[in-house]
Amino acid sequence: MTQQYILIETPVDGVGLIRLNRPEALNALNSDVINQISTAMEAFDADDTIGCIILTGSDRAFAAGADIKEMEQRSVVGMLTGDKLTDWTRIARISKPVIAAVSGWALGGGCELAMMCDMIVASESAMFGQPEINLGIMPGAGGTQRLTHAVGKAIAMEVMLGDRRLTAAEALHYGLVNRVYPVERYLDEAIKLAAKIATMPGVATRMIKAAVNKAYDLSLQQGLDYEKRNFYLLFGTEDKDEGMKAFIEKRPPQWKNR
Ligand code: CAA
């Protein structure tokens, strides 16, 4: 039987929380861990009672990277034919907002996993890095692209070529994370942020997430066209009718998420 490496909770209404639970390996991400995270996220994505998802680890480690002991025996043919990174891309395809609550190590695939999420709430002890070069390899789950987009070319190069680790304060300064809190508070604060987002109209949150992500893929004009299309589409939702009516009637809106 496959070992269960994650815990699934709903700490408050509307928020689905996935907690990595492989402490003996600092939450190293083997194929089963990634498959379990992807499956749990897809289940929350399909669950009408959930409006925002949190991914977290322990106070000591969000995740110390892809599992080196699993990768050690792999060959290029095994990597290519098994397409070992496919399950990782399932995480980036989740349509609801996802927050990474990061404390301790977020290295290699752990940093990449956090960057696949839409926002990062960090503890003061969080440490971000892409140390794959020490193993004779390179980031393979988005690090060269997402870190460069987040912190810029110069710092990204130093992190990946020189194994520079970014403290939580540096990560905040460079725009990699949204907020930093003492270790006793970061998860509660992530839950508060998620709870607030979960109260927002669900179709609009998905449309906004999709449009912001297009800013990475498309030219400015294509992105603006995509945004305009989503904007117009929201005029077909009951939430648009309710939101505008509630504003005019000076009362809180009652979202239907449709
Ligand atoms: N894979 C497998 N096991 C790991 C691991 C990893 N990435 N990181 C830590 N562990 C295991 C250690 O082997 C150790 O297990 P044992 O007790 O059985 O030996 C246990 O976790 C605790 O680790 P340490 O004793 O090393 O703890 P530490 O506090 O001294 O050091 C650390 C912590 C600095 C994070 C160190 O563990 C480390 O450098 N880990 C590897 C980080 C790394 O290189 N990550 C990148 C992986 S490659 C990748 O992610 C590719 C990709 O892009 C997809």
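Counting starts at 1 for both ligands and their atoms, following the listed order. Because only heavy atoms are used, hydrogens play no part in the values below, and waters and symmetry mates are left out as well, while side chains stay in.
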Heavy atom of the protein closest to atom 46 (C) of ligand 1 (residue, atom name, distance): Gly108 CA, 3.9 Å

Atom 36 (C) of ligand 1 - nearest protein heavy atom and its distance: Leu26 CD1, 4.7 Å

Ion pair check, Lys192 and Glu189, cut-off under 4.0 Å: yes

Heavy atom of the protein closest to atom 1 (N) of ligand 1 (residue, atom name, distance): Ile68 N, 2.9 Å

same_hphob_cluster(Ile8, Leu20) at 4.5 Å side-chain heavy-atom cutoff: yes

Which of the ligand 1 atoms, numbered from 1, are nearer than 4.0 Å to a heavy atom of Glu132: 48 (S), 49 (C), 50 (O), 51 (C), 52 (C), 53 (O)

Expected output: side-chain Asp87 to main-chain Ser38 donor-acceptor under 3.5 Å: no

pair Leu135-Ile68: side-chain heavy atoms closer than 4.5 Å: yes

Contacting atoms of ligand 1, where contact means under 4.0 angstrom from a heavy atom of Gly109: 49 (C), 50 (O)

Heavy-atom protein contact below 4.0 Å for atom 7 (N) of ligand 1: yes

For ligand 1, the portion of Leu135 having any non-hydrogen atom under 4.0 Å away: side chain

Connected via hydrophobic side-chain network under 4.5 Å: Ile50 and Leu17: no

Check: Arg22 main-chain N/O paired with Asn27 side-chain donor or acceptor under 3.5 Å: yes

Cluster overlap Val15 with Val121, hydrophobic side-chain contacts below 4.5 Å: yes

Tyr181 six-ring face occupied by Arg185 cation (under 6.0 Å, within 45°): no

Lys69, any N or O under 3.5 Å of ligand 1 N or O: yes

Contact partition for Glu112 relative to ligand 1, non-hydrogen atoms under 4.0 Å: side chain

Heavy atom of protein closer than 4.0 angstrom to atom 23 (O) of ligand 1: yes

Same cluster (ILVMFWY, side-chain, under 4.5 Å), Tyr174 and Val177: yes

Atom 33 (C) of ligand 1 touched by protein heavy atom at under 4.0 Å: yes

Shortest protein contact, atom 38 (C) of ligand 1 (heavy atom only): Leu107 CD1, 4.7 Å

Whether over 12 other heavy atoms sit under 6.0 Å from Glu238 CD: yes

Cationic N near anionic O, under 4.0 Å, Arg90 to Glu42: yes

contact_flag Ala25 ligand 1 heavy-atom lt 4.0 Å: yes

Flag: protein heavy atom within less than 4.0 Å of atom 15 (O) of ligand 1: yes

Arg164 and Glu170 ion-paired at < 4.0 Å: yes

Subset of ligand 1 atoms that lie under 4.0 Å from at least one heavy atom of Pro131: 43 (C), 44 (O), 45 (N)

Of the listed options Gly140, Ala66, Pro23, closest to atom 49 (C) of ligand 1 (non-hydrogen atoms): Ala66

For Pro139, the ligand 1 atoms whose distance to one of its heavy atoms is below 4.0 Å: 53 (O)

Salt bridge present between Asp239 and Arg258 (N-O < 4.0 angstrom): no

Contact atoms of ligand 1, heavy-atom distance to Met71 under 4.0 Å: 48 (S)

For Trp105, the ligand 1 atoms whose distance to one of its heavy atoms is below 4.0 Å: 33 (C), 34 (C), 35 (C)

4.0 Å heavy-atom contact, Arg60 with ligand 1: yes

Close approach of Glu24 to ligand 1, heavy atoms, under 4.0 angstrom: yes

Distance flag for atom 30 (O) of ligand 1, protein heavy atom under 4.0 Å: no

Any N or O of Trp88 closer than 3.5 Å to N or O of ligand 1: no

Main-chain N/O of Tyr5 paired with Gln36 side-chain donor or acceptor, under 3.5 Å: yes

Under-4.0 Å heavy-atom contact with ligand 1, by part of Ala64 that carries it: both

Nearest-contact summary for atom 3 (N) of ligand 1 - protein heavy atom, Å: Ala28 CB, 4.0 Å

Check against side chain to side chain contact (heavy atoms under 4.5 Å, CB included), Gln254 and Glu242: CA-CA 7 Å; Gln254 301 290 318; Glu242 167 64 6; 3.7 Å; yes

